[in-house]
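Numbers restart at 1 for each chain; the letters A, B, ... are given by sequence-line order, proteins then strands. Bear in mind that the values here come from a model prediction, so they are computed numbers and not experimental data.
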Number of protein chains: 2
Amino acid sequence: MSQPRACSVARTLEIIGERWSLLVLREVFLGVRRFDAIHAATGAPRAVLVRRLHTLVAAGVLERRGYREEGARAREEYRLTEAGRDLQPVLTALMQWGDRYLAGPEGPPLHLSHAGCEAPVRARLVCEHGHVLDDNGRELSAEPAAHTAT
Amino acid sequence: MSQPRACSVARTLEIIGERWSLLVLREVFLGVRRFDAIHAATGAPRAVLVRRLHTLVAAGVLERRGYREEGARAREEYRLTEAGRDLQPVLTALMQWGDRYLAGPEGPPLHLSHAGCEAPVRARLVCEHGHVLDDNGRELSAEPAAHTAT
DNA sequence: CATCTGAGTTCAAATCGCGAACTGAGCTAC
DNA sequence: GTAGCTCAGTTCGCGATTTGAACTCAGATG
């Protein structure tokens, strides 16, 4: 093996693997869309935040658009695209692991529930036959696709 | 809001959010456990790899242990702990997103299936009433836990 | 003994991240 | 109409981190 492994994990991390990217996305998922608000909620330095937002927009995960509220001046906001919304399982899986292994004595700081049904939501591994697997991957088997080259 | 948001995502990223950490974990999940092999498979610089491995060991995600094969000299290997195995949904969610949005013309480079049942496995959001949600978070509602402070 | 391998160290150069201060446009109150 | 406020960035200097390549060192191999 002379080349690093070609892998969708690596490619995804090229986009959202930088230091603040996922925290930015967390905020946008929570409905925080304006620059200053994201800055305050994440604590990321402004210069870095600008770069991350541009990267995410360029990658098609966020969308930057101007808007204007009643009699207020024009502002910018960042919204999730379809591709961005599809990152929800990533955030959920990260949060869930932190809840389990890193929560303080007060328990998890944020609670996700199924709108309408109110039940707590978890990221699970599910096979197409409908079996829900344990989270630990012991029931998984991985194999490279046919075209192993590249 | 003067303090950055307290959040399990942020805490988790403190541990596995560095540049190479998740790629290291990907390899260990795939059964690659030796330093040089991880180095070759990820392409991470050796000095960085040493730091990441130490971080992951210190965080209790990996375990470093010496071993010796028949008549070979002693080596070190890195193994997943229970906590490490529980990161599988994170890796799977990342891979799945990359498969959907970043796969080349040859399609996804790696295939996960349910051992025994052979069916493809996906990371899904599932509520405790057993409903499987869309991946896009539209059916989710988030609220801070009671103790909003800190 | 000379060589190979595995697991790191060490090094200088380039990049990146950081906090704090600054810019500049548009609105609002005086 | 000008002083001040808000928002969305820039700029800046410093220090930490990353990088690739070369080097070390111990144990096994020929």
Without decimals, in angstroms, what is the distance between A/His39 NE2 and C/dG17 C1'? 14 Å
Out of D/dA8, D/dA28, D/dT19, minimum distance to the side chain of A/Arg34 belongs to D/dA8
Under 4.0 angstrom, heavy atoms only, what part of the nucleic acid is B/Glu69 near: base, sugar-phosphate, or nothing? nothing
Side-chain N or O of B/Trp20 less than 4.0 angstrom from OP1 or OP2 on D/dT19? yes
Gap between atoms CZ and P, on B/Arg65 and C/dA7 respectively (whole Å): 15 Å
Calculate the interatomic distance between A/Arg73 atom CZ and D/dG9 atom P; express it in whole Å. 11 Å
A/Thr12 side chain reached by B/Met95 side chain, heavy atoms, under 4.5 Å: no
Atom CD of B/Glu77 and atom C1' of C/dA7: how far apart are they, to the nearest Å? 14 Å
How many Å lie between CZ on B/Arg68 and C1' on C/dG6, as a whole number? 13 Å
Sub-4.5 Å side-chain heavy-atom contact between B/Thr42 and A/Pro4: no
Nearest-Å distance, CZ (B/Arg75) to P (D/dA26)? 19 Å
Go through residues 46-64 of chain A and report each residue with a non-hydrogen atom lying under 4.0 Å from DNA chain D, sorted by number. A/Arg46, A/Ala47, A/Val50, A/Arg64
If you check the B/Tyr78 side chain, which of C/dG8, D/dT19, C/dG6 turns out closest? C/dG8
When the aromatic ring centroids of A/His114 and B/His131 are compared, is their separation below 6.0 Å? yes
Determine whether B/Arg122 and B/Thr92 satisfy the following criterion, side chain to side chain contact (heavy atoms under 4.5 Å, CB included), listing intermediate values before the conclusion. CA-CA 7 Å; B/Arg122 293 174 38 77; B/Thr92 307; over 6 Å; no
For D/dC7, does either OP1 or OP2 sit under 4.0 Å from a side-chain N or O belonging to A/Tyr67? no
Along DNA chain C (nearest heavy atom to each residue), the more 5'-positioned of A/Glu18 and A/Ala74: A/Glu18
Expected output: side-chain B/His111 to main-chain B/Pro120 donor-acceptor under 3.5 Å: no
Which nucleotide in the set C/dA7, C/dC18, D/dG9 lies at the smallest distance from any side-chain heavy atom of A/Glu76? D/dG9
Can B/Tyr78 and B/Arg64 be said to form a side-chain hydrogen bond (donor to acceptor under 3.5 Å, both in side chains), step by step? CA-CA 5 Å; B/Tyr78 293 88; B/Arg64 177 172 182 275; 3.3 Å; yes
Can you check whether B/Val48 reaches B/Pro45 side chain to side chain, under 4.5 Å on heavy atoms? yes
Check this for me: does the side-chain of B/Arg19 come within 3.5 Å of the base of D/dT17 through a donor and an acceptor? no
As a test of reading the structure: which of C/dG17, D/dA8, D/dT19 is closest to the side chain of A/Phe35, going by heavy atoms? D/dA8
